[in-house]
Amino acid sequence: SPPIEYDEAHLVGFQVWNSPNHELWQDGKPTRFEPFKSGDVAFYDLRRTPSAFMRHGYNSLQFYLPHAALNEIAQQHGMRFRGELRYQFGVPKTDPIIRHLGSALLPALERSEAIDGLFLDHILHAIAAHVVAAHGEADARDLRVGGGLAAWQERRVKELMQANLHADISLKQLADECGLSVAHFARAF
């Protein structure tokens, strides 16, 4: 693959198929690598222009996580994200949460109809929040989560969801109706 252009972001790759024979480069230099098994997770810092040479078919889900989004999620969850993840490039990690969330997306991606936006929002938010908490170099602060939505917020959200059962409504739209961030809304609801 050509090097991925510089970006203030990370890619988190969930390996769908085994990838036993490949080469990886970072900053234009070859790096140590290990075979990836189905279910493994790999992290790529897009500030380091990663690239790969795959010797056979390759199938993975790549989750694009801009640092700005990771910082926002960390802040919403009472943590400070420093822009770094704990991992070794080219070395697969076992992460059952990313494996299960990625696996939950596969049947939806294989269908011919569009993926429900609310479902996709929840999965992507869960992955990003998990990456910050489990793999980020973050400082945990005291996080006090209040309980639930106000009665009017809960009523309004239920009305919107009922009115849009066959339409695509996003988590952000529901949160906006309540005047809350997506993370706060998701926890409260």
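Residue numbers run from 1 in the order of the sequence given. Just the heavy atoms: all of them, side chains too, but no hydrogens, waters or symmetry mates, feed the values below.
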How many angstroms lie between atom [atom1] of [X] and atom [atom2] of [Y], to the nearest 0.5 angstrom?
{"X": "Leu160", "Y": "Leu165", "atom1": "CG", "atom2": "CG", "result": "11.0 Å"}
{"X": "Ile123", "Y": "Leu105", "atom1": "CD1", "atom2": "CG", "result": "5.0 Å"}
{"X": "Ile98", "Y": "Asp40", "atom1": "CD1", "atom2": "CG", "result": "11.5 Å"}
{"X": "Ile4", "Y": "Arg48", "atom1": "CD1", "atom2": "CZ", "result": "13.5 Å"}
{"X": "Arg187", "Y": "His125", "atom1": "CZ", "atom2": "NE2", "result": "7.5 Å"}
{"X": "Thr94", "Y": "Lys37", "atom1": "OG1", "atom2": "NZ", "result": "5.5 Å"}

Check this for me: Lys93, atom NZ, are more than 12 non-hydrogen atoms of other residues, nucleotides or ligands nearer than 6.0 Å?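 Yes - once you tally the heavy atoms of other residues, nucleotides and ligands closer than 6.0 Å, there are more than 12.
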Grab the two heavy atoms, one from [X] and one from [Y], that are nearest each other, plus how far apart they are.
{"X": "Asp116", "Y": "Asp168", "value": "C-OD1, 3.7 Å"}
{"X": "Trp25", "Y": "Pro30", "value": "CD1-N, 3.1 Å"}
{"X": "Tyr58", "Y": "Ser19", "value": "CD1-OG, 3.9 Å"}
{"X": "Ala175", "Y": "Ser181", "value": "CB-O, 3.8 Å"}
{"X": "Leu171", "Y": "Asp121", "value": "N-OD2, 2.9 Å"}
{"X": "Thr49", "Y": "Glu5", "value": "CG2-C, 4.5 Å"}

Check for a donor-acceptor pair, side chain of Ser1 on one end and backbone N or O of Ala52 on the other, with a separation under 3.5 Å.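 Yes.
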Tell me, do Val131 and His10 make a side-chain contact under 4.5 Å, heavy atoms counted?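 Side chain of Val131 against side chain of His10, heavy atoms only: no contact under 4.5 Å found.
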Trace of the salt bridge (charged side-chain N to carboxylate O under 4.0 Å, His left out) decision for Arg82 with Glu84: CA-CA 6 Å; Arg82 297 180 182 160; Glu84 303 299 329; over 6 Å; no
Show, in sequence, the C-alpha distance, side-chain angles and deciding distance for Leu46 and Leu11, and conclude whether the side chain to side chain contact (heavy atoms under 4.5 Å, CB included) test is met. CA-CA 7 Å; Leu46 299 186; Leu11 280 182; 4.0 Å; yes
Using the side-chain hydrogen bond (donor to acceptor under 3.5 Å, both in side chains) rule, collect all pairs that involve residues 156-165, keeping only residues at least two apart or in two chains.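 Every side-chain hydrogen bond (donor to acceptor under 3.5 Å, both in side chains) pair that includes a residue of residues 156-165, provided the two are not neighbours, is Glu154-Lys158, Arg156-Glu177.
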If two hydrophobic side chains count as joined below 4.5 Å and joins carry through other members, does [X] share a cluster with [Y]?
{"X": "Phe119", "Y": "Phe14", "answer": "yes"}
{"X": "Val91", "Y": "Val41", "answer": "no"}
{"X": "Ile169", "Y": "Val182", "answer": "yes"}
{"X": "Phe53", "Y": "Leu24", "answer": "no"}
{"X": "Ile73", "Y": "Phe43", "answer": "no"}

Working for side chain to side chain contact (heavy atoms under 4.5 Å, CB included), residues Leu149 and Phe185: CA-CA 8 Å; Leu149 296 173; Phe185 171 78; 3.9 Å; yes
Ring geometry between Tyr44 and Phe89 (parallel below 30°, tilted from 30 to 60°, perpendicular above 60°):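 Rings of Phe89 and Tyr44: perpendicular, over 60°.
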Step-by-step salt bridge (charged side-chain N to carboxylate O under 4.0 Å, His left out) determination, Asp95 to Arg99: CA-CA 6 Å; Asp95 187 311; Arg99 183 179 72 240; over 6 Å; no
Verify the distance criterion only: is there a donor paired with an acceptor across the side chains of His22 and His56 at less than 3.5 Å?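 Checked: His22/His56 side chains show no N/O donor-acceptor pair below 3.5 Å.
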Which is it for His135 and Val12 under the side chain to side chain contact (heavy atoms under 4.5 Å, CB included) test, yes or no, and what are the steps along the way? CA-CA 11 Å; His135 302 287; Val12 176; over 6 Å; no
The single option from Asn18, Val16, Asn59 passing side-chain contact (heavy atoms from CB on, under 4.5 Å) against Ser38: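 Only one option passes, and that is Asn18.
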Apply the test side chain to side chain contact (heavy atoms under 4.5 Å, CB included) to residues Phe189 and Val157: give CA-CA distance (whole Å), side-chain angles for both, the deciding distance (0.1 Å), then the verdict. CA-CA 9 Å; Phe189 187 71; Val157 167; 3.8 Å; yes
Yes or no on salt bridge (charged side-chain N to carboxylate O under 4.0 Å, His left out) for Asp27 and Lys29, after CA distance, side-chain angles and deciding distance? CA-CA 6 Å; Asp27 296 327; Lys29 299 175 186 155; over 6 Å; no
